[in-house]
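Accompanying notes for the structure given below.
Everything numeric in this text was worked out from a predicted model, so none of it was measured. Only this structure's heavy atoms are used, side chains among them; waters, hydrogens and symmetry mates stay out. Chain naming here is simple, since letters A, B, ... match the order of the sequence lines and numbering starts at 1 in each.
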Number of protein chains: 2
Amino acid sequence: MAQLQLDTGGLEETAFASEPGLLLARANADSIAATNEALAEFGLRVRSFAVLAAAAAASRPTQRELAAFLRLDPSQVVALVDGLERRGLVRREADPGDRRVNAIVITEAGQSLHARASRAVAGSRDRQLAALTPAEVTTLTGLLAKIVRSRSVE
Amino acid sequence: MAQLQLDTGGLEETAFASEPGLLLARANADSIAATNEALAEFGLRVRSFAVLAAAAAASRPTQRELAAFLRLDPSQVVALVDGLERRGLVRREADPGDRRVNAIVITEAGQSLHARASRAVAGSRDRQLAALTPAEVTTLTGLLAKIVRSRSVE
DNA sequence: TATTGTTATACTCTATAACTATA
DNA sequence: TATAGTTATAGAGTATAACAATA
């Protein structure tokens, strides 16, 4: 694992360093880098894993729902589902009631890979959050969920 | 302002929706989109604004410090500083003690633009955090700062 | 030898518009 | 007319390696 010496000079002590938007960007950059590293051995990246995990967690989400939930453009979901489908990890199932709609269904192979990959992701996440107590993690996720969901109803 | 109808189906109620990494990604995506929109009239984007704001907040940060602080590659800082310098918003000043090092110094024009742009950014940030009480905002920024800074010492 | 900044390059991610098939 | 998904394309963001100047 790369040992990074991050000398940020006096920047950490400025008021700008406490800006929520900046902190979100920095925390997210760290999360993506660490998670991509953890996912490499499974041939996944953050975004493809997110689609797989959403298909594993929810009942037959549509591509439109995945796009809205993951903050992706619908055209990006096409490419991500293509990749997963080629590997036999998910499949598209046309909705009988509305044949424009594709439900994304995880396969057995997808569930198996997801189970292993999500353990690696959890380990990476735990390392990133190691400075927080379990109660603080709960608080953090609760506050993030509150602002993310307020956006969903805008 | 675009009125987005975000139908996320049942995904919001899954355990995956409470994953910190996912919440960070979603909150950050919302923050970047809203902030870029707020910055458009100033000819800035999130990353160029961040460099400008860091130069405004800190005393003569080096490009290396900016890269570490903003989680950017040093080569990206080159391009961002180039853009700001062309517009006369910052200037590079070689360190007399170590002539490899460039300190980034904000100009008067840079300070003036930063003052106006940061008001727009603050408005956008307040809208994103409107669902939280002031105390919750303080808690959120404190927790994010804790995990971001724990990474800095890794 | 090591480090700062730079250049070049390729890859990933994001945004937009236009198209199809269904509704 | 409107919507889900698709295609194509361009632009923005990120990662890597190699180089010059300096330490």
> Between B/Glu37 and B/Arg127, is there a salt bridge with N-O shorter than 4.0 Å?
Replying inline: no
>> Nearest 0.5 angstrom please: A/Gln63 CD to A/Ser75 OG, how far?
In response: 10.5 Å
> Out of curiosity, does A/Leu140 fall in the hydrophobic cluster containing B/Val137 (side-chain heavy atoms, cut-off under 4.5 Å, transitive links)?
Replying inline: yes
>> Under 4.0 Å from OP1 or OP2 of D/dA12: is there any side-chain N or O of B/Asn36 that close?
In response: no
>> Can you list, by chain and residue number, the hydrophobic cluster partners of A/Val81 when the side-chain cut-off is 4.5 Å?
In response: A/Leu39, A/Phe42, A/Leu44, A/Phe49, A/Val51, A/Leu52, A/Leu66, A/Phe69, A/Leu70, A/Leu72, A/Val77, A/Leu80, A/Leu84, A/Leu89, A/Val90, A/Ile104, A/Ile106, A/Leu113, A/Val121, B/Leu11, B/Phe16, B/Leu22
> Taking CD from A/Glu37 and C1' from D/dT14, how many angstroms apart are they, rounded to a whole number?
Replying inline: 15 Å
> How long is the line joining CG of B/Asp82 and P of C/dA8, in whole Å?
Replying inline: 12 Å
>> Does this structure show an ion pair linking B/Arg149 with A/Glu13, if we count only N-O contacts that are shorter than 4.0 Å?
In response: no
> Is the backbone of B/Pro134 close enough, under 3.5 Å, to the side chain of B/Thr138 for a donor and an acceptor to pair up by distance?
Replying inline: yes
> In residues 58-67 of chain A, which ones come under 4.0 Å of DNA chain D, going by heavy atoms?
Replying inline: A/Thr62, A/Gln63, A/Arg64
> Atom CG of B/Asn28 and atom C1' of D/dA12: how far apart are they, to the nearest Å?
Replying inline: 14 Å
> Any Lys/Arg nitrogen of B/Glu85 or B/Arg87 sitting under 4.0 Å from an Asp/Glu carboxylate oxygen of the other?
Replying inline: no
Which atom pairs link the protein and nucleotides 15-17 of chain C when you take only N or O atoms and keep those under 3.5 Å?
{"residue": "C/dT16", "atom": "O4", "partner": "A/Ser75", "partner atom": "OG", "Å": "3.1"}

> To the nearest angstrom, how far is A/Leu39 atom CG from C/dT12 atom P?
Replying inline: 15 Å
> Roughly how many Å is it from CZ in B/Arg47 to P in D/dG11, rounded to a whole number?
Replying inline: 16 Å
> Does a salt bridge link B/Asp30 with A/Arg71, judged by any charged N lying under 4.0 Å from a carboxylate O?
Replying inline: yes
Identify each donor-acceptor pair in which a side-chain atom of residues 94-102 of chain A lies under 3.5 Å from a protein atom, sequence neighbours left out, and give them as a table.
{"residue": "A/Asp95", "atom": "OD1", "partner": "A/Gly97", "partner atom": "N", "Å": "2.6"}
{"residue": "A/Asp95", "atom": "OD1", "partner": "A/Asp98", "partner atom": "N", "Å": "3.3"}
{"residue": "A/Asp98", "atom": "OD1", "partner": "A/Arg100", "partner atom": "N", "Å": "3.0"}
{"residue": "A/Asp98", "atom": "OD1", "partner": "A/Arg100", "partner atom": "NE", "Å": "3.2"}
{"residue": "A/Asp98", "atom": "OD2", "partner": "A/Arg100", "partner atom": "NH2", "Å": "3.0"}

>> Reading DNA chain D from 5' onward, which residue's closest nucleotide shows up sooner: A/Val77 or A/Ala29?
In response: A/Val77
> Rounded to whole angstrom units, what separation is found between the CZ atom of A/Phe69 and the C1' atom of D/dA4?
Replying inline: 20 Å
N/O-N/O pairs, protein side and nucleotides 20-23 of chain D side, under 3.5 Å:
{"residue": "D/dT22", "atom": "OP1", "partner": "B/Arg99", "partner atom": "NH2", "Å": "3.1"}
{"residue": "D/dA23", "atom": "OP1", "partner": "B/Arg99", "partner atom": "N", "Å": "3.0"}

> Once you round it to whole Å, what is the distance between C1' of C/dG5 and CG of B/Leu72?
Replying inline: 15 Å
> Measuring from A/Asn28:CG to B/Arg26:CZ, what's the distance to the nearest 0.5 Å?
Replying inline: 12.5 Å
> What are the residues of residues 87-94 of chain A, sorted by number, that bring a heavy atom to within less than 4.0 Å of DNA chain D?
Replying inline: A/Arg92
